[in-house]
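Here is how names work: the chains are called A, B, and so on, in the same order as the sequence lines, proteins then strands, and each is numbered from 1.
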Number of protein chains: 2
Amino acid sequence: MRNAEKETVRSLELFSDMSDKHFEELLVGSFLQRFPASVILFSETDLTDFLHVLIDGQVELFASTNNREGTMTLIRPVATFVLASAITDGVYQLSARTLQSSQILMIPAQNIRAAMSEDRKFAERSVRELAHCYHGVVRAYKNMKLRTAVERLANYLLVQHRRQGESHALVLPVEKRVLASMLGMTPENLSRSFVTLKPYGVKVDGSEVSITKLKDLETLAKPSALIDNK
Amino acid sequence: MRNAEKETVRSLELFSDMSDKHFEELLVGSFLQRFPASVILFSETDLTDFLHVLIDGQVELFASTNNREGTMTLIRPVATFVLASAITDGVYQLSARTLQSSQILMIPAQNIRAAMSEDRKFAERSVRELAHCYHGVVRAYKNMKLRTAVERLANYLLVQHRRQGESHALVLPVEKRVLASMLGMTPENLSRSFVTLKPYGVKVDGSEVSITKLKDLETLAKPSALIDNK
DNA sequence: GACGCCGCTTGACAAATGTCAAGTGAATGT
DNA sequence: ACATTCACTTGACATTTGTCAAGCGGCGTC
């Protein structure tokens with residue numbers, strides 16, 4: 001593991017104010033590995049061996065039951081994932097696959113648990129990180145429960161628009177089938193939802209989307225600070 | 001606050017191994033209060049003043065956007081709620097109302113944050129509690145995303161059946177309209193879903209439900225350890 | 001360049017879910 | 001005892017969402 005990557009990880013809020021000594025101990029037995037796209041990293045029923053840190057690339061967390069599958073969230077670098085599972089010391093609860101070639105640091109879960117009891121700063125940071133993750137899922141859950149498919153898409157586009165600098169055109173960061181799954185609908189339905197949004201100034205060309213009537217789109221989407229803000 | 005209630009709270013896992021001194025400090029400025037049924041305790045947009053501990057009664061956490069409202073979860077005694085918000089020091093993110101007359105201990109959120117940095121045992125317990133809550137929402141989210149309304153009802157009944165000692169009849173712990181909202185459907189739809197389950201051995205009489213063909217119901221519900229357990 | 005693969009779209013249809021309106025029955029208050 | 005309220009149910013219908021099948025078009029392989 002090179003210094004550049006080590007520093008990248010070190011500067012994550014979660015690790016930022018733990019002692020150097022504890023940080024080094026955390027890395028004992030860790031792997032930094034590059035995976036190609038479309039690789040299953042772990043399945044939701046596996047025991048949690050590692051806390052994962054996505055350094056580069058893109059990872060999808062998804063769940064399955066009874067032949068159905070749904071994207072729960074997308075991980076974008078640089079970020080940790082499955083912290084809660086690493087702490088609980090049970091199964092992952094979610095499956096993960098790479099969407100692109102990805103570089104991932106895998107830290108043994110037991111190192112995390114050890115650091116938790118040895119380093120109070122780390123414990124405090126973990127509390128905040130988990131509280132943050134918790135609210136993230138709550139937002140996703142609200143989004144799913146209180147909005148229709150078209151509204152979810154409209155709000156997704158508004159969020160991307162803002163994130164990508166409010167420029168005229170935004171780029172969908174994932175394939176449409178993954179986007180559909182993330183928004184809780186079928187790919188067919190996503191296509192139709194885009195058509196529905198046409199009168200509201202949404203033009204789609206491949207993975208490029210332009211928004212020409214922001215106000216109209218917002219009227220339809222009715223964005224909510226408690227769901228869409230981050 | 002009487003000793004009985006204090007001990008009840010003290011024995012919650014979250015507080016169980018913090019020092020007596022810190023526990024007493026936690027309670028400075030706390031209120032123990034009884035609320036009648038159907039009282040709004042706080043709204044999702046309020047700043048988080050208190051960590052709540054439900055001693056007795058029943059509380060509903062719900063969310064609203066755009067005239068729609070959905071039950072997110074039910075709190076049953078004895079349990080804390082809105083820990084994540086108390087830590088984050090932002091808004092509650094969820095609204096709360098009493099469903100029955102309820103006795104609630106309200107601990108100032110800043111006491112919680114103070115205890116977090118002073119008592120490492122408490123910080124560790126908080127981490128576990130939050131990880132647990134996180135998985136709880138993830139399960140609810142999976143349930144919502146991967147199942148139909150009838151399946152959610154069927155699995156709900158199976159869980160209640162198990163919790164209530166696998167006896168012949170179980171009792172719905174909430175009004176049907178609240179149950180409907182919790183399961184993400186309208187009351188009308190819940191009624192029809194019960195009718196749909198009739199051929200699978202589900203008989204409903206008011207709030208009493210009996211399950212006569214457990215196997216058949218399980219075949220329909222296809223319960224999943226990662227969604228329904230715990 | 002021809003072929004096949006794959007992601008996406010579209011149409012036709014089916015299933016799931018919501019809405020509106022009316023009606024039942026039990027609980028409550030006068 | 002009567003009226004009122006309210007939760008729940010039921011029916012008819014609308015909307016939303018999913019399914020299946022076909023076709024388009026880009027992209028890589030041979």
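Taking 4.0 Å as the cut-off between side-chain N and carboxylate O, A:K176 and A:E188 do not count as a salt-bridged pair.
With hydrogens and angles ignored, a donor-acceptor pair closer than 3.5 Å exists between the side chain of B:E188 and the base of C:dC20. A donor-acceptor contact under 3.5 Å links the side chain of B:R192 to the base of D:dG11.
As a whole-Å value, the separation of A:M144 CE from D:dT16 P is 16 Å. Atom-to-atom, CG of A:D205 to P of D:dC24 comes out at 19 Å; the value is rounded to the nearest Å. Counting to the nearest Å, the P atom of C:dT17 and the CE atom of A:M185 are 17 Å from each other. Following rounding to the nearest Å, A:K145 (NZ) and D:dT17 (P) show an atom-to-atom distance of 16 Å. Note: CG (B:L179) to P (D:dA7) measures 15 Å, nearest angstrom. Protein atom CZ of B:R68 is 17 Å distant from nucleotide atom P of C:dT17, rounded to whole Å. D:dT17 atom C1' lies 14 Å from atom CD of A:E151, rounded to whole Å. One can place CG of A:L172 at 13 Å from C1' of C:dC8, the figure rounded to the nearest angstrom.
Nearest to the side-chain atoms of A:T148 among the listed nucleotides D:dA7, D:dT17, C:dT10 stands D:dT17.
Put simply, the side chain of A:H135 never gets that close to the backbone of B:Q93: no donor and acceptor are under 3.5 Å apart. No side-chain donor-acceptor contact under 3.5 Å links B:R34 to the backbone of B:I104.
For B:T186, a side-chain nitrogen or oxygen approaches OP1 or OP2 of C:dG18 to under 4.0 Å. A close approach under 4.0 Å does not occur between any side-chain nitrogen or oxygen of A:N189 and OP1 or OP2 of D:dT17.
Below 30°, between 30° and 60°, or above 60°: for B:Y141 and A:Y141 the angle between ring planes is above 60°, a perpendicular geometry.
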